[in-house]
J.: 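First, the structure itself, so that you have it in front of you.
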Amino acid sequence: MGDQIGNAIRYDSKSMNPIGLNLVVLRSSQPKELAVWYGKLLNRTVNEEKHSHGPLHHSLQLGDSVIEFYPQKHKAQSAPMTFGLVVSTHTFERLSATTTSKILNENSVIINDLDNNQIIVQRRISSKDS
């Protein structure tokens, strides 16, 4: 089972099936511009997509995960969301140097996108660094 750590529970990964996040959908009044912004930020290719009768939208691939950028369904602005990314030291240093960010600590920064969503970017620390 798991060990209680504060309000969180840590599970032994050997006894649990891993769960991974494979899709994040961001809705925006400017989905193409937002997708291009993320593409530049993360150095990824932005793809234009349309599934069956759904709306034209954009996406980018992050390993086994996808971020999709859809047009907003309603005129009211969507509530901003916060999500985190773990990146290599090289990418972390590039993002820290080229974006306006709030430094949390030497290994974490917060970047706001065009729609004021927050991305918490953490530097991946390898076992050889510890």
Side-chain angles (χ1 to χ4, degrees):
M1 192 60 169
D3 300 326
Q4 184 77 27
I5 304 172
N7 291 331
I9 297 176
R10 179 180 62 203
Y11 289 94
D12 176 6
S13 61
K14 293 177 186 170
S15 65
M16 300 287 296
N17 289 329
I19 297 173
L21 182 66
N22 68 348
L23 174 66
V24 173
V25 174
L26 297 176
R27 296 196 179 274
S28 175
S29 60
Q30 50 185 353
K32 183 176 182 178
E33 292 83 358
L34 190 61
V36 168
W37 186 88
Y38 274 89
K40 289 179 182 175
L41 179 76
L42 302 172
N43 197 26
R44 295 291 191 267
T45 301
V46 174
N47 301 301
E48 191 172 274
E49 301 181 340
K50 184 170 180 5
H51 310 293
S52 301
H53 301 291
L56 181 68
H57 63 281
H58 298 82
S59 70
L60 58 86
Q61 192 81 31
L62 289 176
D64 293 335
S65 301
V66 175
I67 301 177
E68 292 187 328
F69 305 86
Y70 276 85
Q72 274 184 220
K73 291 181 179 180
H74 308 287
K75 290 186 181 195
Q77 181 75 10
S78 298
M81 67 178 288
T82 300
F83 63 96
L85 298 173
V86 178
V87 299
S88 69
T89 295
H90 173 76
T91 299
F92 182 84
E93 289 171 356
R94 179 180 61 80
L95 294 177
S96 297
T98 61
T99 61
T100 302
S101 59
K102 177 182 175 187
I103 298 171
L104 296 176
N105 59 50
E106 66 184 15
N107 295 312
S108 301
V109 297
I110 297 176
I111 299 170
N112 286 52
D113 72 15
L114 301 174
D115 283 347
N116 210 30
N117 296 302
Q118 291 187 327
I119 308 136
I120 300 172
V121 181
Q122 295 182 315
R123 178 192 326 244
R124 179 178 291 120
I125 306 295
S126 67
S127 56
K128 65 182 180 183
D129 294 337
S130 356

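Treat the numbers as computed from the prediction; the structure is a model and nothing was measured.
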J.: What ring-ring contact (aromatic ring centres under 6.0 Å, His included) pairs are there with at least one residue in residues 42-64, not counting sequence neighbours?
T.: His51-His57, His57-Tyr70
J.: Grab the two heavy atoms, one from Leu34 and one from Ser28, that are nearest each other, plus how far apart they are.
T.: CD2-CB, 3.8 Å
J.: Give the minimum heavy-atom separation between Glu33 and Leu114, together with the two atoms involved.
T.: O-CD1, 3.7 Å
J.: Would you mind reporting whether Gln122 and Asn107 have side-chain heavy atoms less than 4.5 Å apart?
T.: no
J.: Is the number of heavy atoms from other residues, nucleotides or ligands within 6.0 Å of NZ (Lys50) greater than 12?
T.: yes
J.: Quick one: side chain to side chain contact (heavy atoms under 4.5 Å, CB included) partners of Thr82, sequence neighbours excluded?
T.: Gln118, Ile120
J.: Considering only residues two or more places apart or on different chains, which pairs with a residue in residues 83-102 satisfy ring-ring contact (aromatic ring centres under 6.0 Å, His included)?
T.: none
J.: State whether the number of non-hydrogen atoms from other residues, nucleotides or ligands found under 6.0 Å of Ile103 atom CD1 is greater than 12.
T.: no
J.: What pairs with Ser65 under side-chain hydrogen bond (donor to acceptor under 3.5 Å, both in side chains), at least two apart in sequence or on another chain?
T.: none
J.: Could you pull out all donor-acceptor pairs under 3.5 Å where a side-chain atom in residues 38-47 meets a protein atom, sequence neighbours excluded?
T.:
| residue | atom | partner | partner atom | Å |
| --- | --- | --- | --- | --- |
| Tyr38 | OH | Asp113 | OD2 | 2.5 |
| Arg44 | NE | Gln61 | O | 3.2 |
| Arg44 | NH1 | Leu42 | O | 3.2 |

J.: When rounded to the nearest 0.5 angstrom, what is the spacing between CD1 in Ile111 and CG in Leu95?
T.: 5.0 Å
J.: On a heavy-atom basis, which atom in Ser59 and which in Glu49 lie closest, and how many Å separate them?
T.: OG-OE2, 2.9 Å
J.: Find the distance between CZ (Arg27) and OG (Ser29) and round it off to the nearest 0.5 Å.
T.: 13.0 Å
J.: Work out which heavy atom in Arg124 is nearest to a heavy atom in Thr89; give both atom names and the distance.
T.: O-OG1, 4.0 Å
J.: Does some side-chain heavy atom of Asn22 sit less than 4.5 Å from a side-chain heavy atom of Asp64?
T.: no
J.: Tell me which pairs pass salt bridge (Lys or Arg N to Asp or Glu O under 4.0 Å) where either residue lies in residues 83-98, with sequence neighbours left out.
T.: Glu93-Arg123
J.: Does one hydrophobic cluster hold both Trp37 and Leu26, with members joined at side-chain heavy-atom distances below 4.5 Å?
T.: yes
J.: Side-chain heavy atoms under 4.5 angstrom apart, residues restricted to Ile, Leu, Val, Met, Phe, Trp, Tyr: same cluster for Val109 and Val87?
T.: yes
J.: Please say yes or no: joined through hydrophobic side-chain contacts below 4.5 Å, possibly via intermediate residues, are Val24 and Val66 part of one cluster?
T.: no
J.: Are any non-hydrogen side-chain atoms of Leu62 and Leu85 less than 4.5 angstrom apart?
T.: yes
